[in-house]
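Here's the structure, in structure tokens; my notes come after.
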Amino acid sequence: MTNEQLAQEVHRAVQVEMTVQTASERLSSRGFVCDRMVPTSTLTCMRTRMSMGPTCIDRVYLTSSSNATLSNVDVRPMACAGL
């Protein structure tokens, strides 16, 4: 998977103005684990992918507005280590 494919996958599932709960549920169904960074309004979602080659971590930061809807979806470049 490339960074572009990761971004496409995330943006198909999660969009700005969606509720944080719905976004979290959709990413969780794709193998991400989400956790809120207190006291900020950012939800961090991470997924570890292991294969015969390198192990990669996918990260997405979801920022919410005061009314619990997403104001930003930040897909970070994959972090890979291994062979």
Side-chain angles (χ1 to χ4, degrees):
M1 175 176 281
T2 66
N3 286 321
E4 184 176 317
Q5 290 169 324
L6 171 62
Q8 289 174 353
E9 176 187 0
V10 170
H11 289 295
R12 276 192 305 268
V14 177
Q15 296 87 33
V16 170
E17 296 187 15
M18 175 181 284
T19 66
V20 174
Q21 180 177 346
T22 299
S24 177
E25 289 170 357
R26 287 185 177 187
L27 289 178
S28 293
S29 74
R30 287 164 173 77
F32 285 84
V33 175
C34 298
D35 187 32
R36 182 165 302 281
M37 296 171 58
V38 177
T40 70
S41 59
T42 300
L43 188 67
T44 302
C45 299
M46 297 174 51
R47 169 177 70 184
T48 302
R49 291 182 290 111
M50 292 182 261
S51 65
M52 295 299 287
T55 296
C56 296
I57 298 174
D58 302 330
R59 294 170 295 148
V60 179
Y61 298 119
L62 305 173
T63 305
S64 62
S65 59
S66 59
N67 62 355
T69 61
L70 294 182
S71 58
N72 187 47
V73 178
D74 182 14
V75 182
R76 305 304 303 161
M78 295 180 294
C80 298
L83 301 174

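Here the side chains of Met46 and Ile57 are in contact, with some heavy-atom distance below 4.5 Å. Residues Asn72 and Leu62 have side chains not in contact (no heavy-atom distance under 4.5 Å, counting atoms from C-beta outward). With contacts defined as side-chain heavy-atom distances shorter than 4.5 Å, the pair Leu43/Asp35 does not qualify. Contact annotation: the side chain of Ser64 approaches that of Arg36 to within less than 4.5 Å [non-hydrogen atoms, C-beta and beyond]. Considering only heavy atoms from C-beta on, Val73 comes within 4.5 Å of Val10 through its side chain.
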Begin with the C-alpha distance, continue with both residues' side-chain angles, and end with the deciding distance and a verdict on side-chain contact (heavy atoms from CB on, under 4.5 Å) for Arg49 and Asp58. CA-CA 8 Å; Arg49 291 182 290 111; Asp58 302 330; 2.8 Å; yes
Let me see the working for Leu6 and Met1 under side-chain contact (heavy atoms from CB on, under 4.5 Å), right down to the final yes or no. CA-CA 7 Å; Leu6 171 62; Met1 175 176 281; 4.0 Å; yes
Take Val75 and His11, measure what side-chain contact (heavy atoms from CB on, under 4.5 Å) needs, and give me the verdict at the end. CA-CA 9 Å; Val75 182; His11 289 295; 3.8 Å; yes
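The OH atom of Tyr61 sits 9.0 Å away from the OG1 atom of Thr42 when rounded to the nearest 0.5 Å. Here the straight-line distance linking atom CD of Glu9 with atom CG of Leu27 works out to 8.5 Å at 0.5 Å rounding. Atoms CZ and OG1, from Phe32 and Thr48 in turn, are 10.0 Å apart once rounded to the nearest 0.5 Å. Between atom SG of residue Cys45 and atom CZ of residue Arg76 there is a gap of 14.0 Å, rounded to the nearest 0.5 Å.
Between the side chain of Asn3 and the backbone N or O of Met78 there is at least one donor-acceptor pair closer than 3.5 Å. Although no hydrogens or angles enter the test, the distance criterion places a donor-acceptor pair under 3.5 Å between the side chain of Arg59 and the main chain of Pro77. Ser71 places a side-chain N or O within donor-acceptor distance of the main-chain N or O of Thr63, the cut-off being under 3.5 Å. At least one donor-acceptor pair closer than 3.5 Å links the side chain of Ser28 to the backbone N or O of Ser24. At least one donor-acceptor pair under 3.5 Å links the side chain of Ser65 to the backbone N or O of Thr69.
Other residues, nucleotides and ligands contribute over 12 non-hydrogen atoms within 6.0 Å of the CD atom of Gln8. The neighbour count for Gln5 CD, taken as heavy atoms of other residues, nucleotides or ligands under 6.0 Å away, is above 12.
Val14 and Val33 fall into different hydrophobic clusters, defined by Ile, Leu, Val, Met, Phe, Trp and Tyr side-chain heavy atoms under 4.5 Å apart, directly or through other members.
For residues 13-27, no pair satisfies salt bridge (Lys or Arg N to Asp or Glu O under 4.0 Å), with sequence neighbours left out.
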